[in-house]
Amino acid sequence: MEPIRITAVSAGLGRPSSTRLLADRLAQATRRHLEGGERPVEVRVVELRDLATDIAHNLVTGFPGPALAEAVDAVTGADGLIAVTPVFTASYSGLFKSFFDVIDNTALHGKPVLMAATGGTPRHSLVIEHAMRPMFAYLRAVTVPTAVYAASEDWGGVDERVGELSARIERAGEELAELAGVRPRPAERAAAAGTDDVNDATGAADGSGRTEAVVPFARHLAALGLD
């Protein structure tokens with residue numbers, strides 16, 4: 001039986017990295033909500049810091065190296081994606097954006113994505129909404145409602161803040177699990193796309209062959225005497 005594949009992308013630069021830590025915790029939460037089902041669960045974490053040189057070469061040459069190609073396949077072939085970036089200059093990091101720039105802009109169509117970010121202050125929490133969510137909307141991915149932002153004080157602050165972060169991680173992981181667990185496999189999506197193509201060719205979505213004529217705008221103006 002095909003496993004449910006979850007891929008987490010971490011754009012953290014340090015070791016240890018709070019960005020990687022958040023990616024791991026989100027992956028663990030997603031796994032917990034998927035386990036116990038009929039299909040096994042596979043989780044992989046892609047560390048972009050190890051691919052920085054390959055990403056730069058790909059942007060210049062247009063050809064990925066073996067390691068980068070494998071990472072791209074892990075992302076595009078996943079049933080659910082976790083994308084975590086540190087906040088640099090009030091936005092996602094350049095490494096994070098460059099990685100998604102080398103992926104075909106149709107490859108994430110319909111893919112469930114859990115967005116997360118880390119930063120030194122809570123004031124940067126809206127980076128997810130004003131930078132990350134528009135990017136994934138452009139790529140036509142399906143972003144889960146709950147995004148997770150973790151500031152430095154969320155990791156080692158008062159118990160209340162640590163508890164709030166844990167609750168957000170758990171809720172976001174559950175939302176991604178719900179979407180990834182019901183997403184059809186690639187063969188099923190291809191079959192559905194083939195059916196849609198047939199319907200489009202015959203006209204109506206129900207395959208009846210009826211098509212609705214599109215009246216040119218100039219004709220509408222002429223009918224109104226406004227041309």
Output yes when a side-chain donor or acceptor of [X] lies under 3.5 Å from a complementary backbone atom of [Y], and no otherwise.
X	Y	result
Asp54	Leu51	no
Arg140	His109	no
Ser10	Val84	no
Asp154	Leu165	no
Arg133	Ile128	no
Lys111	Val142	no
Thr7	Ala74	yes

Group every Ile, Leu, Val, Met, Phe, Trp and Tyr by side-chain heavy-atom contacts under 4.5 Å, then state whether Phe96 and Val45 land in the same group.
no

Treat each ILVMFWY residue as a node, draw an edge where side-chain heavy atoms are under 4.5 Å apart, and state whether Leu126 and Val113 are in one component.
no

Value rounded to 0.5 Å, distance of CD1 in Ile55 from CG in Asp101:
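Here the rounded value is 9.5 Å.
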
Spatial distance of atom OG1 (Thr30) from atom CD1 (Ile6) [nearest 0.5 Å]
6.0 Å

Residues Glu42, Arg31: salt bridge by 4.0 Å N-O rule:
no

With a 4.0 Å cut-off on N to O distance, would you call Arg20 and Glu47 a salt bridge?
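A salt bridge links Arg20 with Glu47.
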
Could you check Gln28, Arg32, Arg25 and say which one makes a side chain to side chain donor-acceptor pair (under 3.5 Å) with Glu170?
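For Glu170, the side chain to side chain donor-acceptor pair (under 3.5 Å) check succeeds only for Arg32.
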
Restricting to pairs with a member in residues 131-151, which pass ring pair (Phe, Tyr, Trp, His ring centres under 6.0 Å), not counting sequence neighbours?
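Listed by first then second residue: Phe100-Phe136.
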
Tell me whether His33 at atom NE2 has more than 12 heavy atoms from other residues, nucleotides or ligands lying less than 6.0 Å away.
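Correct, the count exceeds 12.
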
If we only count heavy atoms from C-beta on, is the Val9 to Ile82 side-chain gap below 4.5 Å?
no

